[in-house]
Amino acid sequence: MIRAVDLTKRFGNFTALDGLSTEIQPGCIYGLVGPNGSGKSTLLRLISGVYAPDGGELTVDGKPVFECPAAKDQVFYLSDDLYFLPKATTRETAAFYRGLYSGFDEAKFQRLSGMFPINVNQRINTFSKGMRRQAALLTALCCGARYLLLDEAFDGLDPVIRLLAKRLLAEEIAERGTTVVVTSHNLRELEDLCDHIGLLHKGRILFEKELDELKFGFCKVQAAYDHPVDWEASGLQILQKQQRGSVVSLLVRGEAEATLRVLEELQPVFSETVPLTLEEVFIGEMEAVGYDYNNILL
């Protein structure tokens, strides 16, 4: 388990993390979202032991990670800003990690080398952005770490390779109980991948919940009216409203069945519920804690 208690990290006069507390349970895919500068990458670097906390506590399986080789052996951090040894090939990079991680799986490297469409004997500095990301994911999946920290891991990948990467991550969790922490600005992508979501803003986690739990208490509906409707007098707690001609879409705090009853009382041409997206759920959650969604997730 990853556990942070009142975690603080400063860089000069800038406080990147400000009393952050969280617990990330084993065997889950935890999506960490937030705007640029919210502290996502800083948190991953603290979990991986790249940084030392300036305050509070950060442990992985009960051990502080910084300057702890045994704990670092179980954590692999894949940075958004990829780095490879100069002129190294993917095979040479794998050999480098083999010397660092006790659980490196050579057989898995050979198997995955045939699944990713890259030449593992070609220098990585000749690769495109997407190919470099594939080389990084390939080696990361072979290191045998119990914790994979992926910072914008799918950036630059084409749709086919994205699906492959997601499938391989699911296999890691099912077969080895791996815990995956992934950051992304693409909420729709996390919606298909994660079972837990945390929103980081100004160095603190505003809220974190299971993905299914996030969708309770909100609904999205749409209806068409051939007459004007006074929505302020409807009694609905409307968090977002979009209207195109006679059709209106509403994000509402409340249960779908009760909301539809209100819409029917207003005599629509038609009314129906619409599936919620993760982005729309965040609108509701952040309204609930008093934040303006449009000024947080950009």
Test item: [X] side-chain N/O and [Y] main-chain N/O as donor-acceptor pair under 3.5 Å:
X: H196; Y: Q25; value: no
X: D73; Y: S102; value: yes
X: Q110; Y: A107; value: no
X: T179; Y: G27; value: yes

Does [X] reach the side chain of [Y], with side-chain heavy atoms less than 4.5 Å apart?
X: Q134; Y: F127; answer: no
X: Y30; Y: V180; answer: no
X: F154; Y: V182; answer: yes
X: M115; Y: R167; answer: yes
X: V229; Y: S234; answer: no

Where [X] and [Y] come nearest, the two heavy atoms and their spacing:
X: T183; Y: L44; value: CG2-CD1, 3.7 Å
X: E208; Y: G198; value: CB-CA, 3.8 Å
X: A223; Y: P268; value: CB-CB, 4.3 Å
X: A88; Y: T93; value: CB-OG1, 3.9 Å
X: L7; Y: L46; value: CD2-CD1, 3.7 Å
X: L168; Y: L112; value: CD2-CD2, 3.9 Å

Stepwise side-chain contact (heavy atoms from CB on, under 4.5 Å) check, S246 with Y225:
CA-CA 5 Å; S246 61; Y225 291 90; 5.8 Å; no
Cationic N near anionic O, under 4.0 Å, [X] to [Y]:
X: E257; Y: R261; answer: yes
X: E172; Y: K108; answer: yes
X: D158; Y: R133; answer: no
X: D61; Y: R146; answer: yes

Go through the steps for L149 and L78 under the test side-chain contact (heavy atoms from CB on, under 4.5 Å), then give the verdict.
CA-CA 6 Å; L149 313 179; L78 184 56; over 6 Å; no
Tell me whether Q243 at atom CD has more than 12 heavy atoms from other residues, nucleotides or ligands lying less than 6.0 Å away.
yes
Quick one: which residue pairs count as a salt bridge (Lys or Arg N to Asp or Glu O under 4.0 Å) with a foot in residues 4-33, not counting sequence neighbours?
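Pairs touching residues 4-33 that pass the test: R3-E23, K9-D54, D18-R204.
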Test side-chain contact (heavy atoms from CB on, under 4.5 Å) on V65 and C68 and set out the steps.
CA-CA 5 Å; V65 186; C68 180; 5.6 Å; no
Ring center gap for F11 and Y51 short of 6.0 angstrom:
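Ring-ring flag for F11/Y51: true, centres closer than 6.0 Å.
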Are Y97 and F76 near enough that their ring centres are under 6.0 Å apart?
yes
With Q240 as reference, evaluate V252, L251, L250 under the side chain to side chain contact (heavy atoms under 4.5 Å, CB included) test and give the passing residue.
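Single side chain to side chain contact (heavy atoms under 4.5 Å, CB included) partner of Q240 among V252, L251, L250: L251.
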Between Q122 and T126, do the side chains contain a donor N or O and an acceptor N or O under 3.5 Å apart?
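Yes - a donor-acceptor pair under 3.5 Å links their side chains.
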Determine, stepwise, if the pair S271 / Q222 fulfils side-chain hydrogen bond (donor to acceptor under 3.5 Å, both in side chains).
CA-CA 6 Å; S271 63; Q222 67 178 16; over 6 Å; no
Does the salt bridge (Lys or Arg N to Asp or Glu O under 4.0 Å) test come out yes or no for D151 and R45, once each step is laid out?
CA-CA 10 Å; D151 199 353; R45 288 171 181 149; 5.3 Å; no
Between NZ on residue K166 and CG on residue L164, distance to nearest 0.5 Å:
11.5 Å
Output, in order, the C-alpha distance, side-chain angles, deciding distance and verdict of side-chain contact (heavy atoms from CB on, under 4.5 Å) for S79 and Y77.
CA-CA 6 Å; S79 173; Y77 170 48; 3.7 Å; yes
Any chance you could lay out the side-chain hydrogen bond (donor to acceptor under 3.5 Å, both in side chains) test for R176 and T178, step after step, and finish with the verdict?
CA-CA 5 Å; R176 302 181 52 249; T178 305; 2.9 Å; yes
